[in-house]
Every structure is written in C-alpha cells, then in structure tokens.
Amino acid sequence: MITRSRNASLQSPTKASNLETHKLFKSRLGTPFTVDAFRYGGVEGCSAYFLSHFHYDHYGGLSKGWSHGPIYCTPLTARLVKMCLSVNPSFVYPMEFDTEHAIEGVKVTMLEANHCPGAALIHFRFQDGRCFLHTGDFRACKLMQTHPLLTNQRVSTLYLDTTYCNPKYKFPPKEDVLSFVVKVTRTSLKRQPKTLIVVGAYSIGKECVYLSISKALGVKIYANASRRRILQSYDWPELSDNLCSNGQDSPLHVLPISSLRHETLKQYLETYTPQYTAILAFRPTGWTYSETTGNHLDLIKPAIKGNSTIYGVPYSEHSSFLELREFVQFLKPDKIIPTVNVGNAATRDKMQSCFRQWLKS
DNA sequence: GCGATCAGCT
DNA sequence: CACAGCTGATCGC
C-alpha cells in the first residue's frame, strides 16, 4: 500500500523518487491499493485509489482529467470530489460508512474518523485474513474502541496519523473548547452588543465551532456563496438550515482562516459600519497548545488591537499525544507506519521508539 | 487563454 | 513547527 506523505519535499519533482520509500502492498490477487496518493499521476499497477477525506494535502493531484483508476471514498467526499474538482463521476465510487465492500477480493470498510465531514478510517481485510487500518487523518476517541471491526480482529499494520505524536501536544476535548468559545462570545456581546463574531475555517472542518455559537445565540451563520455551496452538500440539516446569504442578517460570520489578522478584520468590520463596531474572531487549531493553556482554557490570552480581538483556541481535529497512545494501546497492531512527520529520520526513529514503549507488555 | 502544477509562504 | 491551505509564477496544451 502506498500512502501519501505530507512532507513538502515529496512535492518536489527532484525528490519524487521518495515514493519508493513507501510500502507498496499487494493483495493475493497482486493488486496494489493506494490511499491518498493522487499526486504521482497514475501509480503503476494500481487498480484502486482510496481517498480518506477531502483536504487538499490528501487529494492533491486529483482533477478534472483523472482517468488512472477508480476512486473509493465516503459519499460526502465523493460529492465534493465531483462538485469541486469536476472529476468524471464514472471514476468515483461512494462507500457508505460501516458497510463492507468487496473490492478485488479485499473487504474494505469506511469508519468514522472524527476529523472533518466525510473523513474515514479505512479498514482492509485481505483474503488471507490479515487486516490493515489506514487512519487517514483522525482524532481518536472512545467510541472507536467499540467498533466491531476494531475489537474482534487483530490489525497487522496500522497506517497512523502522527500529526501530534509528541508529548508536548496537549489539548482539551472538543466539547470543552466549544463551551469556552460560547462563553467568550456571550461575555463579549454583553460588554459590547455591536460585536461581529468571526470564526476562521479552511474549506471543510471546524463546523461545530460556529454551529455551537449559532445554537447558543440563536443566530444564523453567514458564509459566502462558495462556502455555502460546500456546506449545503453535507446533508447536515442542522447546519444548512441555519445558513444565511447576507452578512447583515447575522452577527456570526465564517471567514477563511487566512483572513484572521487584525488589519484584515478591521477592514472587514468597516464594511458593516455602523451595524457593528467591534470584531471578535476565533482561530480554531490544534497548534494552539502550551504547557499552561493545554488544560486551562481560561488562561488563553487573546490578541487585541483596538476594536479587534483574536482568540486562538485549541480545537483540534487530530488526536492529541495521549489520545494517540490510548488508541494504539487499545488496537495493539503488529506494526505501525506513521504517515505524518516522516520526512526527518530522527523524528521517525523517535516515533517508532515511542510506539515500542506504548506496546511493551 | 486556461487549467494544472510548483516554489515560497504562513 | 506546519493544521491545510493561499498566492503568484510557470508549465503544458
């Protein structure tokens, strides 16, 4: 099995041969599968391409002219692939969650990854009985430990999202961060009722941050047309029923995370004068970690410049170090292949010794 | 002229 | 750092 690496150097043509360092798995039928490996054009001999979720660093290389082979993904990811990338629908094969599909003699199942909408863990059971689990990107949680496919049979190889595989990465449960965001919003509005609330987001992911504020305040969510088109494709009524298409109609706006800078926000605020006179923005990311704030949300200090306030909040859609450890100790795989932070040999070694420590019996 | 990709950046 | 992109330049049709 080939798995994509997030190492930027892999994108460089001069280092494309790094592809060879990845494991190429052949089933009994001699058919290699790949996961999130679209940026190499077609992979020689590959007959099934899997896509774990719809983020650029995973689907990169997929575009209108794709004809290298069938793409298997969840129904939501399939809609986005067709809608946003104009991939020929005849190449796209949606697979419902928790439903086993036989693909060239291999039984494949998509499991909820607790990452962005449509994201899947991909479980492969080969004809010789061996199981592989590819996590794509995921945030490990207790519910995963109850899934029949993960409790009843051993996993021989785990392809693991190791984004935060370092003890320094700590962050609270998502729910705690959502409560904090709602609390800060309420306090700000009490002090300054004419505050425009902004949540930063990439294309997909972090929806619960603005949905929580929307519910708590009873206000709609404003997003521009291109984002609304994507959000409306989710089949998530709670979300789509609360969108609005005019910025004046709600004090809650979703903006690209790249626009969460004081200068940009103040400009944005000016387009809503005199309706709003201050702006409060949340930047949700797992990188908002620190020894002190890791478990103490109330210690988070916003960046304030005049009437613009920006809170970095540790809302993560990847596993923390401790969540990763718990998942691996639960699964007890024979072998672990990290898929993130693999560009550096020292980091790779560190992760492997970490895994050995975790699985020491 | 346009979509796709790349280097550089955050 | 790099979450998951974005911007502007360049390439290929």
Side-chain angles (χ1 to χ4, degrees), chain A residues 4-16 18 36-42 51-68 77 80-81 84-88 113-119 135-140 160-171 174 177 199-209 224 226-227 230 254-265 281-291 294 303 310-321 323-324 338-344 346-348 350-351:
Chain A
R4 76 87 182 76
S5 166
R6 195 172 281 156
N7 179 6
S9 68
L10 279 181
Q11 295 175 37
S12 154
T14 55
K15 294 195 178 173
N18 279 7
D36 300 343
F38 298 92
R39 57 186 47 188
Y40 315 105
L51 174 58
S52 66
H53 65 290
F54 196 72
H55 276 156
Y56 179 79
D57 54 332
H58 293 254
Y59 67 64
L62 248 189
S63 59
K64 201 176 173 192
W66 177 267
S67 61
H68 298 295
T77 302
L80 293 168
V81 164
C84 302
L85 307 179
S86 304
V87 170
N88 184 341
N114 193 28
H115 182 63
C116 64
T135 65
D137 279 354
F138 83 131
R139 183 159 181 181
L160 186 65
D161 167 17
T162 44
T163 299
Y164 295 122
C165 189
N166 183 312
K168 72 181 176 186
Y169 294 119
K170 303 173 186 179
F171 31 75
K174 286 177 179 177
V177 182
V199 176
Y202 293 117
S203 57
I204 81 170
K206 322 284 184 183
E207 290 78 11
C208 286
V209 178
N224 69 17
S226 65
R227 186 183 297 275
I230 290 169
V254 188
L255 292 182
I257 209 160
S258 57
S259 62
L260 294 205
R261 285 171 288 123
H262 290 303
E263 196 185 342
T264 319
L265 289 174
F282 295 100
R283 170 197 294 278
T285 166
W287 295 111
T288 309
Y289 73 91
S290 98
E291 295 307 321
I310 304 174
Y311 275 83
V313 291
Y315 185 87
S316 176
E317 293 181 332
H318 293 271
S319 316
S320 69
F321 180 78
E323 288 163 346
L324 261 187
T339 61
V340 183
N341 300 320
V342 291
N344 181 310
T347 311
R348 281 199 308 270
K350 204 169 174 183
M351 288 192 288

Checklist entry - So what does A/S203 touch, heavy atoms closer than 4.0 Å: a base, only the sugar-phosphate, or nothing? => result sugar-phosphate

Item to check | Nucleotide C/dC6, atom C1' - distance to OH of A/Y56 in whole Å | outcome: 10 Å

Checklist entry - How many Å lie between CE on A/M351 and P on C/dC1, as a whole number? => result 17 Å

Checklist entry - Closer to the 5' end of DNA chain C via nearest nucleotide, is it A/P256 or A/P284? => result A/P284

Next on the checklist: C/dA2, OP1 or OP2 - any side-chain N/O from A/N341 closer than 4.0 Å?
Outcome noted: yes

Checklist entry - So which nucleotide from C/dC1, C/dC3, B/dA4 ends up closest to the side chain of A/T285? => result C/dC3

Checklist entry - Going by heavy atoms in the side chains, are A/Y164 and A/F171 under 4.5 Å from each other? => result yes

Checklist entry - Would A/T135 and A/D161 count as having a side-chain donor-acceptor pair, cut-off 3.5 Å? => result no

Next on the checklist: From CD1 of A/I257 over to P of B/dT10, roughly how many Å is that when rounded to an integer?
Outcome noted: 16 Å

Checklist entry - A/F171 CZ to C/dA2 P: how many Å, rounded? => result 15 Å

Checklist entry - Under 3.5 Å, is there a donor-acceptor pair between the side chain of A/H318 and the main chain of A/H115? => result no

Item to check | Length of the line joining A/Y169:OH and C/dC3:P, which is rounded to integer Å | outcome: 9 Å

Checklist entry - Given atom CZ of A/R139 and atom C1' of C/dC3, what is their separation to the nearest angstrom? => result 13 Å

Checklist outcome for this item: With A/Y59 as partner, the option from A/F54, A/F38, A/W66 fulfilling ring-ring contact (aromatic ring centres under 6.0 Å, His included) is A/F54

Checklist entry - Quick one: is C/dG5 close enough that its OP1 or OP2 comes under 4.0 Å of any side-chain N or O from A/H55? => result yes

Next on the checklist: Is a donor from one side chain sitting under 3.5 angstrom from an acceptor on the other, for A/H55 and A/D137?
Outcome noted: no

Checklist entry - Between C/dC6, B/dA4, C/dC3, which one does the side chain of A/S258 approach most closely? => result C/dC6

Checklist entry - Within the pair A/H115 and C/dA4, is there a side-chain N or O less than 4.0 Å away from OP1 or OP2? => result yes

Checklist entry - Tell me: OH of A/Y164 to P of C/dA2, nearest whole Å? => result 11 Å

Checklist entry - Any side-chain N or O of A/H318 under 4.0 Å from OP1/OP2 of C/dA2? => result no

Next on the checklist: What is the separation between atom CZ on A/R227 and atom C1' on C/dG5, rounded to the nearest whole Å?
Outcome noted: 12 Å

